[in-house]
Participant: 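Structure provided below as structure tokens; questions to follow.
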Amino acid sequence: MATSVRICAKQFSKKYSTLSSAMIFRQLFDTVSSTYTYLLGDQSTRECILIDPVLEHVKRDFQLTKDLNLNLVYVVNTHMHADHITGSGLLKTISGCRSIISKSSGALADIFVDEGDMISFGNFKLKVLNTPGHTNGCCSFYIAEEGIAFTGDALLIRGCGRTDFQEGNPETLYHSVHNKIFSLPESTLLYPAHDYTGRMVTSVDEEKRLNPRLTKSLQEFIRIMNNLNLSYPKQIDKALPANKVCGLYDLPEDLKDGL
Ligand code: FE
């Protein structure tokens, strides 16, 4: 019995990546928009970044960087979000970090990135993969050494981002996922920008086998995406104008208190 348990554990660790002890990793959540924010830090240099911070949680996230004795160098957005206001602007104001977003996003930031660019913090490098289709400026970020990728809204767990507003295009999204995300090693762990049912992480292997939309043909995928009949995003009218200017727009005074 003990032997078979050991064998299973061995097979599992081979199949899916595990983070090295050199990286500090935290997954944070916003219950209103079901957004995940990721804190990635380098254990040795103490530099860290935040991916997709949410305005209402800036205090929480910034406090966590201080609690862990980390120095926030970049706030990175996977795309110009429509469902929440980014925390990038306020984090820049309080910490002096710089913001990063895709060149094609249509949003302001300190640094614009494009396919193949590398975002460095400490000894780690995030490779930028352009994965448009949900929006024109959607990016995924891949850390080859750790076997992890952050897919934004291009690929969600057993799903994908909607394609019915903000330059959405199902054919483009299908090619982004198949050509970029599904071409990563199958053991790669994928961390999405959202989950609405409490799941936190998936893998290339799982999504290639089990994603109910992206395992279909292109034509079937387009048909599915064009018939989702989703409701108008609740926060879009305030989120887009704010996110276009890196979240530096009419920041509520109460959020700045104590920062
Ligand atoms: Fe989105």
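None of these values were measured; they are calculated from a predicted model. Heavy-atom basis, side chains included; hydrogens, waters and symmetry copies ignored. Just so you know, residue 1 is the first one in the sequence shown, and it goes up from there. Indexing begins at 1, ligand by ligand and atom by atom, following the structure's order.
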Participant: With sequence neighbours excluded, tell me which residues meet salt bridge (Lys or Arg N to Asp or Glu O under 4.0 Å) with Lys127.
Facilitator: none
Participant: Does any donor atom in the side chain of Thr78 or Asp153 lie under 3.5 Å from an acceptor atom in the other side chain?
Facilitator: no
Participant: We want to know whether Ser20 and Glu146 form a side-chain donor-acceptor pair, criterion being a heavy-atom distance below 3.5 angstrom.
Facilitator: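 Checked: Ser20/Glu146 side chains pair up, N/O donor to acceptor below 3.5 Å.
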Participant: Under 2.8 Å from the Fe ion (ligand 1), how many protein N, O or S atoms can be found?
Facilitator: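 Total protein N/O/S atoms under 2.8 Å from the Fe ion (ligand 1): 3.
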Participant: Can His175 and His178 be said to form a ring-ring contact (aromatic ring centres under 6.0 Å, His included), step by step?
Facilitator: CA-CA 5 Å; His175 292 308; His178 279 264; 8.0 Å; no
Participant: Taking the six-membered ring for Trp, are Tyr191 and Phe25 parallel (under 30°), tilted (30 to 60°) or perpendicular (over 60°)?
Facilitator: tilted
Participant: For Phe29 and Tyr36, take the angle between the two ring planes, folded into 0 to 90°, and tell me which bin it lands in: parallel under 30, tilted 30 to 60, perpendicular over 60.
Facilitator: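 Ring orientation of Phe29 relative to Tyr36: tilted.
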